[in-house]
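Okay, structure first, notes after.
The model shown is predicted, which means the values in this text are computed figures rather than measured ones.
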Amino acid sequence: MNRLAHALNAWHTDGGYLVLRRTSHPTRWWQACHVLHVGGEGLTHYAPGATLGHPVQSLYGFDGVVWERDLADAAPMPLRGIVLSAALGAAGVLLWAIKRMWRRSK
């Protein structure tokens with residue numbers, strides 16, 4: 001599971017809304033956007049329990065923990081970060097939906 005899958009599952013089952021924000025850690029473009037879920041329990045954030053072995057793990061999934069806390073304000077997101085995060089997000093949502101539909105059909 002990754003941040004997007006966790007937030008989409010929570011949004012689908014619990015309602016609430018999603019928040020997109022820039023990470024507060026210095027990263028490369030593939031880690032620029034965090035997806036958080038805000039619901040009845042407040043803000044939840046899925047994050048790795050330890051440093052990832054390779055940055056691409058943030059895209060295909062990692063063992064993580066759910067944090068329930070407020071996050072500090074992030075810096076403005078550059079245009080390139082918005083475009084790349086949106087493209088990766090759209091692909092992730094499509095894959096998430098296909099996976100859920102596949103599981104239901106079994």
Side-chain angles (χ1 to χ4, degrees):
M1 180 174 308
N2 62 20
R3 290 176 179 98
L4 179 62
H6 174 269
L8 290 171
N9 284 335
W11 193 25
H12 180 66
T13 59
D14 303 334
Y17 56 94
L18 300 182
V19 175
L20 298 177
R21 72 180 296 274
R22 184 178 182 183
T23 181
S24 57
H25 303 289
T27 59
R28 302 205 187 270
W29 64 266
W30 56 77
Q31 298 173 318
C33 186
H34 285 275
V35 181
L36 310 137
H37 175 258
V38 180
E41 297 179 10
L43 183 135
T44 58
H45 177 222
Y46 186 76
T51 303
L52 296 176
H54 194 277
V56 77
Q57 284 181 289
S58 65
L59 297 177
Y60 69 81
F62 51 85
D63 292 328
V65 294
V66 177
W67 299 90
E68 295 177 0
R69 62 185 171 117
D70 291 330
L71 299 174
D73 288 339
M77 178 70 99
L79 181 59
R80 181 174 56 176
I82 291 171
V83 171
L84 292 172
S85 295
L88 290 171
V93 168
L94 181 61
L95 292 173
W96 171 83
I98 290 169
K99 186 176 177 181
R100 281 191 73 92
M101 290 186 329
W102 177 262
R103 286 184 180 170
R104 281 189 194 168
S105 68
K106 289 184 175 185

Under the side-chain contact (heavy atoms from CB on, under 4.5 Å) test, which residues partner Val38, sequence neighbours left out?
->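 Per chain and number, Val38 pairs via side-chain contact (heavy atoms from CB on, under 4.5 Å) with Tyr17, Val19, Leu43.
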Cluster link Leu88 to Val35, ILVMFWY, side chain under 4.5 Å =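 As far as the 4.5 Å side-chain criterion goes, Val35 and Leu88 are not connected within one cluster.
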Exercise: identify the closest heavy-atom pair between Tyr46 and Val66 |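 Scanning both residues completely, I find the closest heavy atoms to be CD1-CG2, 4.0 Å.
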Please set out all donor-acceptor pairs under 3.5 angstrom arising from side-chain atoms of residues 93-102, sequence neighbours excluded.
unit_1 : atom_1 : unit_2 : atom_2 : d
Trp96  : NE1    : Asn9   : OD1    : 2.8
Arg100 : NH1    : Asn9   : OD1    : 3.2
Arg100 : NH2    : His12  : NE2    : 3.4

Do His37 side-chain atoms and Gly15 backbone N/O form a donor-acceptor pair below 3.5 Å?
-> yes
Close side-chain approach of His45 and Arg3, heavy atoms under 4.5 Å | yes
dist Thr44:OG1 -> Leu36:CG (nearest 0.5 Å) comes out at 7.5 Å
